[in-house]
Amino acid sequence: MTDTSFDQPFPLGEKNDAFAQYFTGQSYLAPLIDGGTVTVSNVTFEPACRNNWHIHHGSDGGGDQILLCTAGSGWYQAEGADPINMTPGTTIRVPAGTKHWHGATADSWFSHLAFITPGTDVRNEWLEPVTDDVYAQLASTQPAN
């Protein structure tokens, strides 16, 4: 059994089984605000867990994703850009149409709040997994905790 006693300010939530096919490793999902114009969720990743490359789509100002790290240490990477280490307080705006992924560092749990800006035709396109080879390259760039 996995130890899920990760200290964070928001609930761990349930195993993210509905989206498990788009993750390498175990993630957890805790909806904090559901419905209305903006959904806010706490997403927690066990060490080395990451989601697949994906793109958020939308128009009329919609489809941007906002990630706010609340605990642990994780990675965010947009296609063609260097990875960014996320620690508590790191905030990233992912413009609609940006191919990207995010997840935990190899040796730390990671939690972030995820917001999607409302608009027209807001949807998510899941793509290929982040390969183990690509992920393993991050170990050489990981800052000391």
Side-chain angles (χ1 to χ4, degrees), residues 1-139 142:
M1 182 169 165
T2 302
D3 177 16
T4 58
S5 59
F6 174 55
D7 187 26
Q8 60 175 320
F10 296 99
L12 177 69
E14 301 296 324
K15 287 184 177 183
N16 192 8
D17 292 337
F19 293 92
Q21 68 191 31
Y22 306 117
F23 285 76
T24 299
Q26 184 64 61
S27 67
Y28 298 83
L29 184 64
L32 302 177
I33 299 174
D34 200 7
T37 58
V38 178
T39 297
V40 180
S41 297
N42 183 49
V43 185
T44 301
F45 303 75
E46 69 180 4
C49 176
R50 69 259 185 199
N51 54 28
N52 289 6
W53 289 96
H54 59 285
I55 301 170
H56 300 280
H57 297 279
S59 55
D60 298 328
D64 290 0
Q65 184 177 45
I66 309 300
L67 302 174
L68 172 59
C69 178
T70 58
S73 180
W75 293 110
Y76 161 81
Q77 186 173 25
E79 185 177 45
D82 290 336
I84 296 171
N85 183 242
M86 296 182 70
T87 56
T90 303
T91 304
I92 294 178
R93 176 183 163 263
V94 184
T98 302
K99 183 177 178 180
H100 69 287
W101 69 272
H102 32 104
T105 58
D107 62 354
S108 177
W109 283 79
F110 171 57
S111 185
H112 67 57
L113 299 182
F115 309 72
I116 300 292
T117 57
T120 305
D121 302 321
V122 173
R123 62 186 173 82
N124 192 40
E125 177 184 4
W126 288 103
L127 303 167
E128 72 277 7
V130 176
T131 65
D132 290 341
D133 289 341
V134 167
Y135 186 79
Q137 292 175 11
L138 296 176
Q142 183 169 331

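Residue numbers count from 1 along this sequence.
In this structure, the side chain to side chain contact (heavy atoms under 4.5 Å, CB included) partners of Thr44, at least two apart in sequence or on a different chain, are Phe6, Gln8, Leu12, Tyr28, Asn42, Trp109, Ser111. Residues satisfying the side chain to side chain donor-acceptor pair (under 3.5 Å) criterion with Gln21, sequence neighbours excluded, are absent altogether. Scanning for side chain to side chain donor-acceptor pair (under 3.5 Å) contacts around Gln65 gives His56, His100, His102, with sequence neighbours left out. The ring-ring contact (aromatic ring centres under 6.0 Å, His included) search around Tyr22 returns Trp126, not counting sequence neighbours. Partners of Asp82 under the salt bridge (charged side-chain N to carboxylate O under 4.0 Å, His left out) rule, at least two apart in sequence or in another chain, do not exist in this structure.
Distance check: Ile116 CD1 to Arg123 CZ gives 12.5 Å after rounding to the nearest 0.5 Å. Between Tyr135 atom OH and Thr105 atom OG1 the span is 5.5 Å, to the nearest 0.5 Å. Note that the CD atom of Gln77 and the CG atom of Asn85 stand 12.5 Å from one another [nearest 0.5 Å]. If you take CG on Leu127 and CG on Asn52, they are separated by 8.0 Å, rounding to the nearest 0.5 Å. Taking CG of Leu113 as the reference point, atom CZ of Phe10 lies at 4.5 Å (rounded to 0.5 Å). A distance of 10.0 Å separates CG in Leu67 from CD1 in Ile84, rounded to the nearest 0.5 Å.
A donor-acceptor contact shorter than 3.5 Å is absent between the side chain of Gln26 and the backbone of Glu46. Remark: the backbone N or O of Ser73 is paired with a side-chain donor or acceptor of Ser108 at under 3.5 angstrom. Asn51 contributes no side-chain N or O that, together with a main-chain N or O of Trp101, makes up a donor-acceptor pair within less than 3.5 Å.
When all heavy atoms are compared, the tightest approach of Trp75 to Ala104 is CD1-O, 4.0 Å. The minimum heavy-atom distance between Pro88 and Gly72, with the atom names listed, is CD-O, 3.3 Å. Of all non-hydrogen atoms in Cys49 and Gly25, the two that sit nearest each other are SG-C, 3.6 Å. Across Pro11 and Ala30, no two heavy atoms sit closer than the pair O-CB, 3.4 Å. When all heavy atoms are compared, the tightest approach of Gly62 to Ala96 is O-CB, 3.7 Å. In terms of heavy atoms, Cys69 sits closest to Phe110 at SG-CE1, 3.6 Å.
Within the structure, salt bridge (charged side-chain N to carboxylate O under 4.0 Å, His left out) contacts touching residues 88-103 (residues at least two apart or in different chains) are Asp64-Arg93, Glu79-Lys99, Lys99-Glu128.
Counted within 6.0 Å of CD on Glu14, heavy atoms from surrounding residues, nucleotides or ligands total 12 or fewer; the atom is thus considered open.
Two residues are said to be in side-chain contact when any heavy atoms from C-beta on lie closer than 4.5 Å; Tyr76 and Val94 meet this criterion.
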